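Each remark here refers to the structure printed beneath this line.
The model shown is predicted, which means the values in this text are computed figures rather than measured ones. The basis for the numbers below is simple: all heavy atoms, side chains too, and nothing from hydrogens, waters or symmetry mates.
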Amino acid sequence: MTPRLRRRPPGNPELLPATLPPLLRRVFAARGIGEDSLSLDVTGLLPPDSLTGAAEAAVLLADTLEAGAPIVISGDYDADGATGTALAVLGLRALGAAQVHYVVPDRFRMGYGLSPALADAAAATGARLLVTVDSGISSVAGVARAQAHGLRVIVTDHHLPGAELPTADVIVNPNQAGCRFASGHLAGVGVMFYVLLALRAELRTRGRFGDGDGPRLSSLLDLVAVGTVADVVRLDRNNRILVEHGLRRLRAGRARPGLLALLQVAGREPTWLTAQDLGFVLGPRINAAGRLDDIRTGIECLLAEDAVHALRLARELDQYNRSRRDIEAQMREDAAALLVDDEAVGICLFREDWHEGVVGIVAGRVKQQRHRPVIAFAPAQEGELLKGSGRSIPGLHLRDVLAAIDAGAPGLIERFGGHAMAAGLSLRPGALDAFRTAFDAQCRGALDAAALEHCLETDGELATDELTLETARLLETSGPWGQGCPEPLFEGCFDVLDVRPVGADGAHIKYRLRHAGTVHDAIDFNGAERLARRGSAVRIAYSLAVNRWQGSERLDLRIVALEPA
């Protein structure tokens with residue numbers, strides 16, 4: 001579906017300081033960033049004591065530390081869960097925990113979250129206290145099993161609570177009822193970071209650090225930044241501060257050895273790293289282990305203290321990511337064939353030979369192409385169920401849709417969870433047709449014609465003197481950009497002077513484009529299907545990028561949408 005370009009509402013640039021470059025005033029105003037949100041100093045973070053449950057969790061953790069009792073972290077198998085698990089282990093060790101273990105679910109045998117089986121594994125470590133990361137809010141049975149083993153339980157999560165909460169000793173979740181924390185957009189790793197901040201404050205009051213302040217937890221913000229961006233949560237001011245300071249550590253080469261090793265195998269120079277690189281370079285490599293095998297490879301890479309060991313693990317993760325790409329490419333071809341005559345508003349896709357660890361990526365790709373909510377299913381590797389992963393579009397809260405289907409047809413869905421834009425579920429194979437019909441009906445009822453039109457919001461056209469390398473450098477250093485604070489996107493008409501397919505399969509297209517007498521290089525990633533001819537005129541939506549190669553810099557236009565002018 002070719003998106004319609006629409007100018008982003010301009011906001012009020014006049015409310016921003018006149019000392020800002022005019023283009024930045026325009027861009028920030030259109031994103032609702034006011035003068036009070038410009039500063040990304042770490043002192044601007046929301047206080048930990050406003051996060052419901054954080055102080056209580058800190059007391060329980062501090063008591064456990066003082067008793068010298070072991071703690072076990074229950075993580076998750078995506079990048080948010082992996083970075084959050086590593087953060088918890090490293091942070092608790094830095095704060096004086098004698099023993100910190102971790103367990104993570106096997107995606108293919110246990111499924112998401114703290115299941116009873118994972119609770120058994122946690123109890124087997126000999127720990128006295130279990131702390132969930134990026135999970136637990138829906139783990140009613142798992143928490144009960146852990147408590148039956150004699151474990152006390154702290155749930156730290158950011159997913160939306162269901163009708164029944166687990167009977168944990170403490171729940172820390174900015175989205176739980178009654179929480180007065182001013183941002184519900186923390187990722188799981190962000191919630192865990194706030195718990196560590198609260199624990200440090202509690203230990204200070206107990207005199208644990210003497211006259212000092214305790215360890216600098218800001219040294220772990222590289223992990224927080226990666227997990228936050230990879231989980232595609234909204235970059236409100238609080239998250240922008242967390243991401244910005246994590247990026248600064250990465251750019252300065254002071255990040256975890258595992259993250260630096262992952263950048264090395266990806267061929268990326270840390271100095272010019274952007275938030276987009278966290279999502280497209282680091283996140284997928286960490287995720288790949290959990291998608292195809294065992295996320296513990298990713299967690300161990302993040303925990304590694306030795307650069308040589310970290311590099312070995314990073315190479316393993318990179319190989320997982322290459323394998324994931326190959327599997328995804330075939331599944332995307334399969335999806336295209338399934339979609340030939342599909343007129344559904346809510347799309348469900350399934351093939352017997354699909355890989356359950358990759359269905360979420362395929363759902364996301366189809367969602368981008370069709371601008372429709374999509375759930376892709378694959379047979380579970382263990383058991384007799386289908387595993388589905390869904391991605392939504394603005395205007396449709398995916399978890400609420402699953403909840404409505406579950407309420408209308410109890411027993412149709414075996415298990416589900418997630419949030420507005422992404423969710424997962426399990427079905428019996430015989431329930432797929434009924435679920436497909438119910439999902440399409442729910443989507444049709446929730447989305448009107450305007451919501452189903454794919455509109456791409458841009459920041460308008462750039463003046464000739466703004467379409468420069470200097471502008472690209474300015475925007476690169478003015479982020480971080482991401483979900484809820486999108487990278488600046490511009491539009492304009494250009495003449496096509498040259499066209500050249502690039503990449504192993506020719507899927508990417510390099511262009512030389514002319515605008516107002518000036519020639520620019522441009523690239524359209526995966527743009528072979530909308531190829532423009534040499535000599536034609538096109539209207540494009542594009543972002544600006546600095547292309548660095550062997551010490552030189554030049555301007556690149558990154559094409560997001562293209563149509564005849």
Donor-acceptor contact below 3.5 Å, side chain R251 vs main chain L273:
yes
Would you say that more than 12 heavy atoms from the other residues, nucleotides or ligands in this model lie under 6.0 Å from the CZ of R254, or not?
yes
Which residues satisfy the side-chain hydrogen bond (donor to acceptor under 3.5 Å, both in side chains) test with R296, sequence neighbours excluded?
D294
Which donor-acceptor pairs under 3.5 Å do side chains of residues 359-369 form with protein atoms, sequence neighbours excluded?
| from | atom 1 | to | atom 2 | distance (Å) |
| --- | --- | --- | --- | --- |
| R365 | NE | E328 | OE2 | 2.9 |
| R365 | NH2 | E328 | OE2 | 3.4 |

By ring pair (Phe, Tyr, Trp, His ring centres under 6.0 Å), which residues pair with H101, not counting sequence neighbours?
none
Which residues pass the ring pair (Phe, Tyr, Trp, His ring centres under 6.0 Å) test with F435, not counting sequence neighbours?
F377, F439
Set of residues satisfying side-chain hydrogen bond (donor to acceptor under 3.5 Å, both in side chains) with respect to S426, sequence neighbours excluded
none
Please list, chain by chain and in numerical order, all residues satisfying side-chain contact (heavy atoms from CB on, under 4.5 Å) with A168, sequence neighbours excluded.
V143, V153, V155, I171
Whether H419 and H159 hold their rings parallel, tilted or perpendicular, with breakpoints at 30° and 60°
parallel
Kindly state each residue pair satisfying side chain to side chain donor-acceptor pair (under 3.5 Å) with at least one member in residues 122-133, sequence neighbours excluded.
none
Restricting to side-chain contact (heavy atoms from CB on, under 4.5 Å), what partner residues turn up for A57, sequence neighbours left out?
I154, V170, V172, V195
When R285, E269, R268 are each screened for side chain to side chain contact (heavy atoms under 4.5 Å, CB included) with L263, the one that passes is R268
Got a sec, which residues hit side-chain contact (heavy atoms from CB on, under 4.5 Å) with H454, two or more places apart in sequence or on another chain?
M1, P3, H371
Across all chains, not counting sequence neighbours, the side-chain contact (heavy atoms from CB on, under 4.5 Å) partners of A451 are L447, D448
With Y194, which residues qualify under ring pair (Phe, Tyr, Trp, His ring centres under 6.0 Å), at least two apart?
F181
In chain order, what residues pass the ring pair (Phe, Tyr, Trp, His ring centres under 6.0 Å) check against F525, with sequence neighbours excluded?
H508
Intermediate values then yes/no, side chain to side chain contact (heavy atoms under 4.5 Å, CB included), T167 and Q147:
CA-CA 9 Å; T167 58; Q147 291 173 325; 2.9 Å; yes
